[in-house]
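Below: the structure, in structure tokens.
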Amino acid sequence: MGQIHDLTAFENERITTFYQLAELLNNIWDTDELLSKSLELTIQLLNAERGAIILYSDKDQSFEVKVSRGIEQETSQDAIAISRQVLTDVVKSDSPLVIEDTRKDPRFTKSRSVIMYNILSVLCVPLKTKDRLIGTVYLDHRGLPAVFSREDADFLKAFANLIATAIEKSELYVRANEEIFQLKEVLHRTYEYPEIIGKSMKMQEVFNTVEKVASSKTGVLILGENGTGKEVIANLIHNRSPRRDGPFIKVNCAALPETLLESELFGIEQKTATGVGFRKGKFELADSGTIFLDEIGDMSLSVQAKVLRAIEEKEFERVGGQRSIKVDVRVISATNMDLHKKIEEGSFRKDLYFRLNPIVVTIPPLRERKEDIPFLIEYFLRKFSEENSNSVKVTKRIIDALREYSWPGNVRELEHLIESATLLSEDGSFPEKLLPKEARKTKTMISLDRYGKLEEVMSFVEKKKILYSLDKNRWNQSKAAKELGISEPTLRRRIKEYKIKKPKKIQSS
Ligand SMILES: Nc1ncnc2c1ncn2[C@@H]1O[C@H](COP(=O)(O)OP(=O)(O)OP(=O)(O)O)[C@@H](O)[C@H]1O
Ligand SMILES: [Mg+2]
């Protein structure tokens with residue numbers, strides 16, 4: 001402890017400066033401010049006249065004066081030249097550069113500013129992180145030789161280590177902050193459209209893609225099971241695109257036989273002889289807008305070839321016509337089929353597939369985004385209550401059951417269910433009989449991790465099943481026993497064992 005008192009004033013000053021530097025490191029997150037303040041402290045302590053912290057970029061081997069004091073544009077070039085020299089030396093010998101008098105040093109005889117500005121003393125040390133050289137600290141003095149000693153160089157080296165750590169930390173900090181900023185932006189960017197429900201991450205991803213592709217003219221292929229909302233998304237892309245004021249024309253490729261589909265798509269040229277009238281095709285009607293080719297997987301190979309040409313060359317002929325018709329149309333297509341499989345089987349053209357799908361949007365089935373179910377229920381309830389002037393209350397128990405259901409018909413199935421409920425409900429409650437069978441079953445589903453031993457699980461299920469049978473048979477024990485495949489005495493024993501009680505309502509009747 002007593003050692004502190006034995007330190008010379010010189011050493012004391014250094015230690016104090018070091019403390020001050022450490023304090024700066026702790027308190028300043030702004031690197032520029034940190035660097036310029038610490039440079040100032042060092043200049044003062046080492047009696048330098050001027051100084052600079054020069055950073056080196058590995059990538060393009062360039063030097064940049066990060067902060068400086070008293071150094072003009074002209075001399076900064078020399079400071080950089082000296083820094084370059086130091087870094088090269090450091091790689092070889094790991095030593096700082098201390099010049100007592102530039103006039104006596106052959107390395108400076110050609111340096112213009114050294115001569116012009118009479119720079120006599122120079123001290124330059126490398127800035128090193130654990131595994132990288134990142135620059136130098138440069139100090140000099142004009143007019144006075146031998147300002148810097150070996151001890152000064154040692155001090156500056158230690159100082160440079162602190163600075164290097166600070167720079168490295170701040171780089172990490174800045175990078176981490178940028179990342180956080182980007183993540184936050186993704187997190188907060190929730191897309192809300194009044195008519196489309198999709199709060200789940202998976203639907204938000206779909207909306208994200210929609211927003212990205214809407215502005216361009218590229219083809220979009222929408223994939224998804226029945227009723228997932230492919231048409232809804234096709235519409236959304238059109239409505240969010242610069243073509244929104246143009247037409248959105250839908251063609252259901254599955255609904256028409258081959259020849260009719262062809263004239264539906266490309267139109268018919270008038271043939272007076274046969275009496276066939278002129279008709280514009282959907283490609284023509286969609287000019288300056290979007291054509292939505294729905295159920296594209298059902299298109300025949302010969303129509304596929306014509307569609308491919310229309311997309312590639314942006315022109316086509318009407319059926320029975322010669323004249324080429326030019327159109328400006330964006331193509332969105334959709335299917336619930338596995339097009340890869342169809343390509344393998346030879347029933348879908350690979351080249352058309354690649355034309356249609358620069359962008360693929362896959363809409364996840366409802367069972368993979370159960371979070372959306374309550375919101376969809378609420379949305380459809382509002383919609384159909386208004387339409388049918390009948391309101392229905394959907395309890396938490398019903399919502400839970402509907403969440404557990406697998407929804408093979410996806411959003412459309414849910415929409416129909418809620419529509420039926422608002423139509424059929426008589427007392428404002430949800431008609432249980434409308435619940436899909438599977439969803440009804442889930443009501444008695446047991447949580448497998450709640451019951452430990454197999455025996456306990458079996459008893460639980462047995463009790464539930466006996467109760468269910470008794471209930472169903474209006475507590476007629478012989479009917480229930482028959483249904484359960486056990487004798488009546490056994491049933492009575494179980495009732496006692498499981499302490500099953502007859503509900504009051506039935507007891508009195
Ligand atoms: N995210 C959603 N929000 C609100 N309504 C939706 C949503 N997704 C689908 N719907 C509704 O569900 C029904 C089915 O949607 P859509 O017709 O777009 O599905 P699809 O994938 O094209 O079905 P299909 O494969 O049978 O052609 C529509 O009435 C639509 O309005
Ligand atoms: Mg559809």
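All ligand and atom numbering here is 1-based and tracks the order in the structure. Nothing fancy with the numbering, it's 1 onward along the sequence. These numbers come from the heavy atoms of this one structure, side chains and all, not from hydrogens, waters or symmetry mates.
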With a 4.0 Å cut-off on N to O distance, would you call [X] and [Y] a salt bridge?
{"X": "Asp400", "Y": "Lys396", "value": "yes"}
{"X": "Asp372", "Y": "Lys202", "value": "no"}
{"X": "Glu432", "Y": "Arg397", "value": "yes"}
{"X": "Glu168", "Y": "Lys130", "value": "no"}
{"X": "Glu386", "Y": "Arg382", "value": "no"}

Can you tell me the protein heavy atom closest to [atom] and the distance?
{"atom": "atom 10 (N) of ligand 1", "result": "Val411 CG1, 3.4 Å"}
{"atom": "atom 5 (N) of ligand 1", "result": "Phe380 CZ, 3.7 Å"}
{"atom": "atom 20 (P) of ligand 1", "result": "Lys230 N, 3.4 Å"}
{"atom": "atom 4 (C) of ligand 1", "result": "Glu195 O, 3.6 Å"}

Count the heavy atoms of every other residue, nucleotide or ligand shown that sit under 6.0 Å from CD of Glu313, and state whether that count exceeds 12. yes
Looking at Lys479, I'd like to know if its NZ atom is crowded, meaning that more than 12 non-hydrogen atoms belonging to other residues, nucleotides or ligands lie closer than 6.0 Å. no
What about [X]: any of its N or O atoms under 3.5 Å from an N or O on ligand 1?
{"X": "Ile197", "answer": "yes"}
{"X": "Gly227", "answer": "yes"}
{"X": "Arg369", "answer": "no"}
{"X": "Gly198", "answer": "no"}
{"X": "Glu231", "answer": "yes"}

At less than 4.0 angstrom from any non-hydrogen atom of [X], what atoms of ligand 1 do you find?
{"X": "Glu295", "answer": "27 (O)"}
{"X": "Gly229", "answer": "8 (N), 9 (C), 15 (O), 16 (P), 18 (O), 19 (O), 20 (P), 21 (O)"}
{"X": "Val232", "answer": "9 (C), 10 (N), 18 (O), 30 (C), 31 (O)"}

Could you work out, for atom 28 (C) of ligand 1, the closest of Glu415, Arg412, His416 by heavy-atom distance? Glu415
Look at the side chain of Asn390 and the backbone N and O of Ser425, then say whether any donor-acceptor pair between them is shorter than 3.5 Å. yes
In terms of the angle between their ring planes, are Tyr56 and Phe63 parallel, tilted or perpendicular, with boundaries placed at 30° and 60°? tilted
Gly224: heavy atom below 4.0 Å from ligand 1, yes or no? no
With a 4.0 Å cut-off on heavy atoms, does Leu376 reach ligand 1? yes
Tell me which one of Ile233, Asn239, Ile359 satisfies side-chain contact (heavy atoms from CB on, under 4.5 Å) with Val210. Ile233
